[in-house]
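Computed from a prediction, not measured in an experiment: that's the story for all the values here. Numbering of residues begins at 1 and proceeds along the displayed sequence. Remember, it's 1-based here, ligands and their atoms both numbered in the order they're listed.
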Amino acid sequence: MSKASAAVVPHHIAIVMDGNGRWATRRFLPRLAGHRQGVESLRRCVRACVARGVKVLTVFAFSSENWNRPQDEVSGLMELMGKALVREVPQLTNDGVRLRFVGERASLSPAMRAALEQAEAATAANVRMTLNVCFNYGGRWDIAQAAARLAERGEAITEASLHAAMDMAHVPDPDLLIRTGGEKRISNFLLWQAAYSELFFSDRLWPDFDEAALDEAIADYAGRERRFGRTSEQLQQEPPAPMRA
Ligand code: IPE
Ligand code: IPE
Ligand code: MG
């Protein structure tokens, strides 16, 4: 494996932040305590990514399928998100982080929609790192809504036009996709954009995913050979330009 073939620090890291519920259950705490701790872990992760020069961090916070959870967990998660938005914006701005929400907004409450828009507007001028929070997001939803948008405009459906119509079109595809919590599945995250992401599965539960765990994932990534369909020999002659939007 060639260590030189992947940039040491990924431009874009995407994370399925899984394991909050188990973290709480192991401590005989309600699941929501795990989600609260998950917000702390995200705060630490954002700062660590900024410090390491990551340009885009995309996190899966609430999936289209998470509406199937018990009602009190869903409303607890909504409340947690609303509170975190208000609390975190000043620190995000201090750290130069631009916040973007990715996902379907129509089925969120008007108050939640307004809070998302406010947080985006308040951080719009920050340029150090973009933090995409996938909220009420599903990869299938993003592909379908992009196709519907193109059909409505009467535009041809091509890989490029679909890509451009997606909710994730403002950032290049993730270089490294991490899932914590031990499960080895995608769970409807970034189905289109992860086509050539390097995958890293960590057994750590999300609240326990600290800087050292992040560095382990980045070090693993740095040792990968990203071939994009070509051969090792070709890469040694001419390293590929990463696929960028
Ligand atoms: C991920 O943690 C957070 C959300 C899905 C909102 P989980 O709540 O799925 O934690 P586990 O998988 O039950 O441990
Ligand atoms: C994926 O985790 C969604 C988020 C992390 C927000 P889940 O815990 O919901 O995934 P499944 O249902 O176990 O696949
Ligand atoms: Mg889970």
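In this structure, Arg22 has no heavy atom closer than 4.0 Å to ligand 2. Residue Met17 places a heavy atom under 4.0 Å from ligand 2. Distances from ligand 1 to the non-hydrogen atoms of Gly181 include no value under 4.0 Å. Residue Arg185 places a heavy atom under 4.0 Å from ligand 2.
Residues Arg179 and Asp18 are paired through a salt bridge, judged by an N-O separation under 4.0 Å between the basic side chain and the carboxylate. Salt bridge Arg44/Glu40: absent, no basic N to carboxylate O contact under 4.0 Å. Look at Arg105 and Glu120 and you find a salt bridge, because one of the NZ, NE, NH1 or NH2 atoms lies within 4.0 Å of a carboxylate O, short of that distance.
In this structure, atom 12 (O) of ligand 2 has no protein heavy-atom contact shorter than 4.0 Å.
For Phe228 and Tyr196, the gap between ring centers is short of 6.0 Å. Aromatic pair Phe200/Tyr221: ring centres not closer than 6.0 Å.
The distance criterion of under 3.5 Å between nitrogen or oxygen atoms is met by Asn20 with respect to ligand 1. Residue-to-ligand polar distances place Gly21 within reach of ligand 1: an N/O pair is separated by less than 3.5 Å.
Heavy atoms only, all atoms of each residue included: Gly38 and Trp206 are closest at O-NE1, 3.0 Å.
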- Go through Thr123 and Asn126 one step at a time and tell me if the side chain to side chain donor-acceptor pair (under 3.5 Å) criterion holds. CA-CA 6 Å; Thr123 60; Asn126 302 337; 4.9 Å; no

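Interface of Val16 with ligand 2, defined as ligand atoms under 4.0 Å from a residue heavy atom, comprises 1 (C), 5 (C). Under a 4.0 Å criterion applied to the non-hydrogen atoms of Asp18, ligand 2 contributes the atoms 2 (O), 8 (O).
In terms of protein heavy-atom proximity, atom 14 (O) of ligand 2 is nearest to Ser187 OG, 2.6 Å. Scanning the protein for heavy atoms near atom 6 (C) of ligand 1, the closest one is Ala61 O, 3.4 Å.
The cationic atom of Arg27 (NZ for Lys, CZ for Arg) lies less than 6.0 Å from the six-membered ring centre of Trp23 and within 45° of the ring axis.
Rounded to the nearest 0.5 Å, atoms CE (Met81) and CG (Asn136) are 10.5 Å apart.
The side-chain hydrogen bond (donor to acceptor under 3.5 Å, both in side chains) with Asn20 is formed by just one residue from the set Gln37, His35, Arg36; it is His35.
Inspection of the Asp167 and Gln145 side chains reveals no N or O donor paired with an N or O acceptor under 3.5 Å. Donor-acceptor pairing under 3.5 Å is lacking for the side chains of Asp175 and His12. Under 3.5 Å, the side chains of Ser232 and Glu225 contain a donor-acceptor pair of N or O atoms.
Excluding waters, the protein N/O/S atoms found under 2.8 Å from the Mg ion (ligand 3) are Asp18 OD1.
Contacts between Asn66 and ligand 1, counted as non-hydrogen atom pairs separated by less than 4.0 Å, involve the side chain only. Neither the backbone nor the side chain of Ser63 comes within contact range of ligand 1; no heavy atom lies under 4.0 Å. When heavy-atom distances to ligand 2 are checked against a 4.0 Å cut-off, Phe62 comes that close only through its backbone atoms N, CA, C and O.
The heavy atom nearest to atom 9 (O) of ligand 1, out of those in His35, Arg31, Arg69, is found in Arg69.
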